[in-house]
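Heads up, the thing below is written out as structure tokens.
Order of the sequence lines fixes the chain letters, A, B, ..., with proteins taken first and strands second; residue numbering starts at 1 for each chain. This is a predicted model, so every value here is computed, not measured.
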Amino acid sequence: MPRRRWVGGCMDGRGPMLESRTPRGPGTVGRGTAMSLPFDPQEGPVSLHALRHSTSHIMADAVLRLFPEAKVAIGPPVDHGFYYDFELPRPLTEEDLPVIEEEMRKVLAEAGEFICSSLSRAEAADRLREAGQDYKLELLDDIPEDEGVTFYDHGTWSDLCEGPHVETADQIPANGFKLTHTAGAYWRGDSDKTMLQRIYGTAWWNRKDLRKYLAWLEEVQKRDHRKLGRELDLFSIDPDFGAGLVFWHPKLGQVRRKLEAWWWDLHEAAGYWPVYTPHVAGEQVFERSGHLENYADMIWAPMDVDGRPYRVKPMNCPGHVSIFNSRRHSYRDLPLKYAELGSVYRYEPSGTLHGMLRVRGFTQDDAHIFCTPGQLEDELVEVLEMVDQILSTFGYSYTAYLATQPEKSMGSDEVWEHALEALRGAAARRDLALEEDPGGGVFYGPKIDFKMRDALGREWQGPTVQVDFNLPERFDLHFNDADNQLKRPVMVHRAIFGSFERFVGGLIEHFAAWFPIWLCPIPAAVLPITADQEEAAASIARILGEAGFRTALRTEGPLRRRIRECEMEKIPYMAVLGEREVESGTVSLRVHGKDGQEALSVEDFVARLRERRDSRALEY
RNA sequence: GCUAGCGUAGCUCAAUUGGUAGAGCUUCCGCCUUGUAAGCGGAGGGUUAAGGGUUCAAGUCCCUUCGCUAGCUCCA
């Protein structure tokens with residue numbers, strides 16, 4: 001939640017944040033991906049937050065002038081801007097936005113001061129009823145009896161609102177805001193309630209900041225993994241096969257292979273064992289696991305095999321549990337760590353699908369740790385270590401959130417306490433700061449979720465480490481302890497990439513598809529200037545290929561054109577070969593993102609590629 | 001799933017008030033022999049997402065289905 005700072009106006013408005021709820025929202029680029037834009041800490045003398053909130057009032061005023069019969073709902077500030085929800089006589093189109101903006105400038109010219117006033121509930125209700133503002137009346141009803149009711153007025157506009165706002169309309173720059181898009185939004189975020197029309201806008205202290213933000217948005221669009229995926233032939237989705245099912249094309253397949261190989265290396269070194277489990281299972285498995293009961297909506301419909309219902313797996317855990325349960329375990333066996341790149345299928349509503357980021361079939365980098373309660377903390381330390389190693393390799397910074405016991409949960413308080421202690425203890429040993437998310441845990445156990453920040457400052461849902469009390473109970477897991485008593489093992493569920501689809505989709509945007517050498521599908525191109533250098537070029541390409549670097553040998557067409565083509569294909573290294581180079585046994589190296597060229601020997605070129613690859617360097 | 005919008009060649013886009021589809025790039029074939037982000041010429045390519053309807057006539061209007069986009073709800 002963005003920090004709220006008081007700015008001007010009066011202090012009456014201490015009620016619930018009528019309009020300032022929704023930390024999620026707008027800034028979300030690419031829906032449903034759990035990304036949200038960072039809140040810009042750069043604030044002027046008056047809070048940007050207040051500026052945006054006030055701009056949303058100005059917009060509501062303008063909309064009511066254009067549509068006098070409109071009803072208003074809520075209009076909070078959000079990351080980078082604001083929105084306001086309306087019930088309108090007709091659907092809005094893109095063409096309406098400039099018209100509303102124009103009207104806003106007129107409102108701005110006459111708005112004057114933002115005045116806050118405290119009203120009695122009766123007065124407030126009268127005022128809203130008179131205005132026919134039913135949604136606001138509903139909000140009024142929800143304000144607790146012991147809290148004050150405030151209105152914010154400017155010009156002829158009056159709105160039930162907690163504030164805070166700017167002091168006068170003069171503080172809102174006429175060239176610092178822009179309406180960006182419209183969308184549907186349920187009243188109170190409830191899919192059973194009316195669908196309202198939401199208008200999103202962005203607002204800044206000046207034109208320069210606005211332009212900077214718009215340029216940033218443009219960059220976001222340029223990096224959209226769907227756009228790059230098409231342009232660079234990375235992946236596709238074929239409606240004949242089904243929405244939300246991803247085809248990894250050769251170049252992206254190569255990226256994934258490298259990730260997988262590295263992932264397995266790390267896991268083997270950490271004592272995980274690879275396991276493989278079936279993609280379908282008799283329905284009773286998911287009945288017993290509780291998935292059918294708790295996640296019925298996301299499990300694909302059953303298929304009939306010999307008169308018995310089978311399901312495509314939505315999770316890998318029951319499979320790993322089955323392996324664990326296939327024999328008796330001594331405490332000496334523990335911890336047991338099973339790892340699988342497990343493909344799962346989940347039904348996601350059609351409207352939520354989004355490129356590789358939100359799909360219906362995906363592969364998790366899944367692993368389950370079965371251990372004794374006493375081993376839990378050590379195991380968690382190791383997981384946190386691996387999380388850090390993996391995320392920092394890509395240059396992601398991250399924040400960790402500890403989700404504690406929710407109201408509805410299973411397992412004794414004692415068990416929860418032990419697990420939380422282990423999570424906290426592990427974090428402390430790693431010097432990992434934990435943001436608390438009280439009550440945010442899943443019903444079956446506490447967890448640490450990571451949010452990672454990408455090159456554009458956007459937040460993505462990252463790794464997760466969850467302690468699970470549910471499955472060991474449901475599948476009656478046990479091990480024989482040193483005192484010859486059968487005991488319940490603790491089960492830890494963890495994924496670091498999350499899913500390859502989402503993670504790699506994110507990587508495409510994070511790197512703008514300029515993958516580091518160790519992942520880059522085609523790290524180098526060799527370009528002979530004329531046919532006379534073709535033979536030498538082919539030999540260099542062969543040397544690079546033997547060293548493990550896929551290399552493009554491009555001989556057709558003018559050099560300038562080939563360079564352009566390689567640049568557009570995002571090949572970071574281009575070795576140009578002319579008469580001079582062949583004579584001296586060098587290449588003229590053109591490196592993406594660097595000006596000019598450097599001459600170096602073929603050996604040095606290979607050495608440089610090796611160094612970048614083996615160190616998993618982020619720079620070329 | 002919901003609200004709104006969209007679906008024209010492999011890609012990016014055109015097609016006056018309904019009058020039977022056009023460009024650039026890509027691809028292919030020639031020519032050009034290239035010094036650091038587009039050399040020149042020619043050719044090929046579309047049952048306008050699919051199906052149905054209105055009309056003398058539908059890319060354009062209506063309906064259904066599929067898919068996509070912005071959000072909402074939900075999620076790895």
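- The NZ-C1' distance, from A:Lys193 to B:U73, rounds to 13 Å in whole Å.
- Each of A:Glu565 and A:Ile529 lies near RNA chain B, and the nucleotide nearest A:Glu565 is the one positioned closer to the 5' end.
- What separates CZ of A:Arg230 from C1' of B:U69 is a distance of 16 Å, to the nearest Å.
- Around the CD atom of A:Glu535, the shell of radius 6.0 Å holds no more than 12 heavy atoms that belong to other residues, nucleotides or ligands.
- Nucleic acid contact for A:Glu581: base, since at least one base atom lies under 4.0 Å from a heavy atom of the residue.
- Within the structure, side chain to side chain donor-acceptor pair (under 3.5 Å) contacts touching residues 292-302 of chain A (residues at least two apart or in different chains) are A:Glu293-A:Arg474.
- With rounding to whole Å, A:Glu534 atom CD is found 11 Å from B:U34 atom C1'.
- Between the side chains of A:Thr363 and A:Arg256, at least one donor-acceptor pair of N or O atoms lies under 3.5 Å.
- In this structure, the separation between CD1 on A:Ile390 and CH2 on A:Trp263 is 8.5 Å, given to the nearest 0.5 Å.
- The nearest whole Å value for the distance from the CG atom in A:Leu179 to the P atom in B:A70 is 19 Å.
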B/S/- along nucleotides 1-6 of chain B (protein heavy atoms under 4.0 Å) is BBBS--
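- B:C68 and B:C11 are spaced 15 Å apart, taking the P atom of each and rounding to whole Å.
- Ring-plane geometry between A:His510 and A:Tyr396 is classed as parallel, the angle between the planes falling under 30 degrees on a 0 to 90 degree scale with a further cut at 60.
- Under the 30°/60° scheme for interplanar angles, the aromatic rings of A:Phe497 and A:Phe503 are found to be tilted.
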List every contact pair, protein side and nucleotides 47-49 of chain B side both N or O, where the distance is under 3.5 Å.
none

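- In this structure, CG of A:Asp238 is placed 12 Å from P of B:G67, rounded to the nearest angstrom.
- A donor and an acceptor atom sit less than 3.5 Å apart, one in the side chain of A:Arg502 and one in the base of B:C75.
- Nucleotide B:U27 forms a Watson-Crick or G-U wobble pair with B:A43, both donor-acceptor distances falling under 3.5 Å.
- Tested against A:Glu509, the residues A:Arg226, A:Arg458, A:Arg223 include a single salt bridge (Lys or Arg N to Asp or Glu O under 4.0 Å) partner, A:Arg458.
- Regarding contacts with the backbone of B:C25, every side-chain N or O of A:Arg564 stays at 4.0 angstrom or more from both OP1 and OP2.
- In this structure, A:Ala243 reaches the sugar-phosphate backbone alone: every heavy-atom distance under 4.0 Å involves primed, P, OP1 or OP2 atoms, never a base.
- In this entry the distance linking CE of A:Met568 with P of B:A37 reads 13 Å, nearest Å.
- When ring centroids are compared, A:Tyr398 and A:Phe450 come within the 6.0 Å threshold.
- Distance noted for atom C1' between B:G5 and B:G42: 41 Å (whole Å).
- Using atom P as the reference point in both B:G51 and B:G39, the two lie 41 Å apart (nearest Å).
- Listed candidates were B:C72, B:U33, B:U36. Nearest to the side chain of A:Ala531 is B:U33.
- Considering every non-hydrogen atom in both A:Pro523 and A:Ile517, the closest pair reads CB-CD1, 4.0 Å.
- Within 4.0 Å (heavy atoms only), A:Arg561 reaches sugar-phosphate atoms of the nucleic acid but no base atom.
- Taking the C1' atoms as reference points, B:C2 lies 35 Å from B:A9, given to the whole Å.
- Base engagement by A:Arg580 is indicated by at least one non-hydrogen atom pair under 4.0 Å involving a base atom.
- Here A:Gly578 lies in heavy-atom contact (under 4.0 Å) with a base.
- Contact annotation: A:His354 side-chain N/O to B:A70 OP1/OP2 distance is under 4.0 Å.
- In this structure, B:U34 forms no base pair with any nucleotide, since neither Watson-Crick nor G-U wobble geometry is met with both distances under 3.5 Å.
- Nearest heavy-atom pair across A:Arg562 and A:Gly557 is NE-O, 2.8 Å.
- Across the C1' atoms, B:C13 and B:C32 are found 31 Å apart, a figure rounded to whole Å.
- Going from the P atom of B:G53 to that of B:U16 covers 26 Å, rounded to whole Å.
- The pair A:Glu231-A:Lys227 meets the salt-bridge criterion, with a side-chain N (NZ, NE, NH1 or NH2) lying under 4.0 Å from an Asp/Glu carboxylate O.
- A:Val359 comes within contact range of at least one nucleobase, with a heavy-atom separation under 4.0 Å.
- Under the Watson-Crick or G-U wobble criterion, with both distances below 3.5 Å, B:A57 has no partner in any strand shown.
- Proximity note for A:Arg358 (side chain, C-beta onward) versus B:A70, B:U34, B:C75: the nearest is B:C75.
- Distance A:Glu579 CD to B:U36 P: 16 Å, rounded to the nearest Å.
- Using N1 to N3 plus N6-O4 or O6-N4 for Watson-Crick, or N1-O2 and O6-N3 for G-U wobble, each under 3.5 Å, B:C13 pairs with B:G22.
- Within 4.0 Å (heavy atoms only), A:Gly596 reaches no atom of the nucleic acid at all.
- Between A:Asn470 and A:Phe443 there is a side-chain heavy-atom pair separated by less than 4.5 Å.
- Comparing atom distances between the A:Arg226 side chain and each of B:C75, B:G71, B:A70 picks out B:A70 as nearest.
- Here the OG1 atom belonging to A:Thr194 is positioned 9.0 Å from the CH2 atom belonging to A:Trp187, to the nearest 0.5 angstrom.
- Within the 4.0 angstrom heavy-atom criterion, no nucleotide atom of any strand lies near A:Thr464.
- Each of A:Arg562 and A:Arg346 was matched to the nucleotide of RNA chain B holding its nearest heavy atom; the match closer to the 5' end belongs to A:Arg562.
- For the P atoms, the distance linking B:A58 with B:G1 amounts to 32 Å, nearest Å.
- With both ends at atom C1', the span from B:C72 to B:U17 equals 37 Å, rounded to whole Å.
- B:C28 atom C1' lies 13 Å from atom CD of A:Glu556, rounded to whole Å.
- Pair check for B:G5 finds B:C68; Watson-Crick or G-U wobble, both atom distances under 3.5 Å.
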